[in-house]
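Heads up, the thing below is written out as structure tokens.
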Amino acid sequence: MERTYIKDLESKKGQPVVIKGWIDIRRDQGKLIFLDIRDMTGYVQGVVLPAKTDVAKAVMETASKVRPEWVVAIEGKVNPRPEKNIQKDKQNGSIELEITGITVLNEAATPPIDVRSDGREIGEEPRLTYRYLDLRRPRLQTNMRSRHTLNLFIRNWLTKESFTEIETPILTKATPEGARDFLVPSRIEPGRFYALPQSPQQYKQLLMVSGFEKYFQLARCMRDEDTRGDRQPEFTQLDLEMSFVAREDVMALNERLLIDLVKTLYPHKKIQQIPFPRFTYKEAMEKYQSDKPDIRTDKNDPDLLAFCWVIDFPFFEKTDKGGWTFTHNPFSAPKPEHMDWLMKGEKIGDILTTQYDVALNGFEIGGGSIRNHRPEALSKVLEIMGHSPEKIRTNFGHMLDALGYGAPPHGGIAWGLDRLMAILRNEPNIREVIAFAKTGEGRDLMMQSPAEAEPERLIELGITVKKK
Ligand code: ASP
């Protein structure tokens, strides 16, 4: 008989069915044994009735042997519950499955962690070590499925707006973009390294040079940063870039997308203010002492979403050594009225960038800018930062060349999808919305990585490890 998913059982009243899944709960009442079964679509209560025939006795015997988390195929009959026993608010509350056959597909050792609870009472170490079990809990099942729904919504929405999703390389080149890169040694060219991308920044700009005009990607980004709060060494961005746009165009599109996704997927949540309020960096710092201000009028309301934009950041800030570095992104353009200062190398500390950040309830959930699409302007930024002409050529030659071959004006943004997801799901940290999360120290407790490499692999790569 074909398998019926548990969500469809209520439409099969009076019929024989086969369901497959896990034993969720088992209650032995002597004459009766209740088995709650779950599959990816939900839960149903089944009952093994007192046995009269030999076949029924065998079923009863199996039912008394099975334990939670065993994997089973169950044959049964979908019986309507008598009116007084109907549980209106519960999935399959109008039926009970009369179990007539049980096939054990796999037994299960007793799980080291409770997989049915909310999980917040369990320490994070066992949860991450046994993540494949931890993910069985309903809260994480919902988080993962909601994340899929959000991704799908974004993909469809942007597709309707004529965006193309394009995958960019994971093995790329180290560029001074802000954080530290993860390096990947090349076996074929010992002593040379790829870097994992901190973001697809350069590739997406190059795609604008290629004429795609509207690009997006749900992109994995890797940054080898020191542990800070609940950052992860790898995280997901919604990365996008558009051609022939000014700051307003990118901000408007993103604001529309954010509003549509909240209204469609989280209709019970309230967006505090539309259009999203805007603050200059100076205003935000003066008023909220933060460049990602939490402007919620009621901080106790878990369903209040207070988005705001922060704009007009200084382009450069002083380094400890007295030079200049960028505050956000070396590829950004200054505000059009400050282009002159940039090109003349004047009033460097006063130059404002086209950078825009979007904050939500006190977290930065996205940021982007209009870029310098003329090679002279990008060169100038790098020069101000003290890069020698040789270094500029080695690190950014490809970008400068590309901009010289008819690069359209362009700009974009990247959202921190993990953070957005955590806020939408009212989760306290991003690990709750990442399937296989790492600890705050960047360790994968389940796979036990990072791990030492086999000596032969290191020899192949021409690497010697100095033990500390
Ligand atoms: N690449 C930037 C980042 O990862 C975002 C952007 O400017 O588009 O922060």
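In this text the structure is predicted, and so the values were computed from the model without any measurement. Quick note: numbers below take in every heavy atom, side chains included, and nothing from hydrogens, waters or symmetry partners. Atoms within a ligand are numbered from 1 in the order they appear, just like the ligands themselves.
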Inset, instruction - Classify the contact between H328 and ligand 1 as side chain, backbone, both or neither, using a heavy-atom distance cut-off of under 4.0 Å. - result: neither
Legend entry - Interfacing atoms of ligand 1 (cut-off 4.0 Å, heavy-atom, I413): 8 (O)
Inset, instruction - Specify whether F307 and F276 have parallel, tilted or perpendicular ring planes, treating 30° as the upper limit for parallel and 60° as the lower limit for perpendicular. - result: parallel
Legend entry - Ligand-residue contact atoms, ligand 1 with Q201, heavy atoms, under 4.0 Å: 1 (N), 2 (C), 5 (C), 6 (C), 7 (O), 8 (O)
Inset, instruction - Examine S199 against ligand 1 and note whether any of their N/O atoms are separated by less than 3.5 Å. - result: yes
Legend entry - Shortest non-hydrogen contact from Q237 toward S199: OE1-CB, 3.8 Å
Legend entry - Close aromatic pair by centroid cut-off 6.0 Å: F244 and H410: no
Inset, instruction - Please name the residue in the list R431, R131, R443 that meets the salt bridge (Lys or Arg N to Asp or Glu O under 4.0 Å) test with E124. - result: R431
Legend entry - Heavy-atom nearest option to atom 7 (O) of ligand 1, drawn from Q355, R371, E241: R371
Inset, instruction - Give yes or no for whether the N/O distance cutoff of 3.5 Å, strictly under, is met between Q237 and ligand 1. - result: yes
Inset, instruction - Output the list of atoms in ligand 1 that are nearer than 4.0 Å to some heavy atom of G368, sorted by atom number. - result: 6 (C), 7 (O)
Inset, instruction - Using a strict 4.0 Å threshold on nitrogen-to-oxygen distance, state whether E234 and K438 make a salt bridge. - result: yes
Inset, instruction - State yes or no: are the ring centers of Y203 and Y215 separated by less than 6.0 Å? - result: no
Inset, instruction - Please say whether R223 places an N or O atom under 3.5 Å from an N or O atom belonging to ligand 1. - result: yes
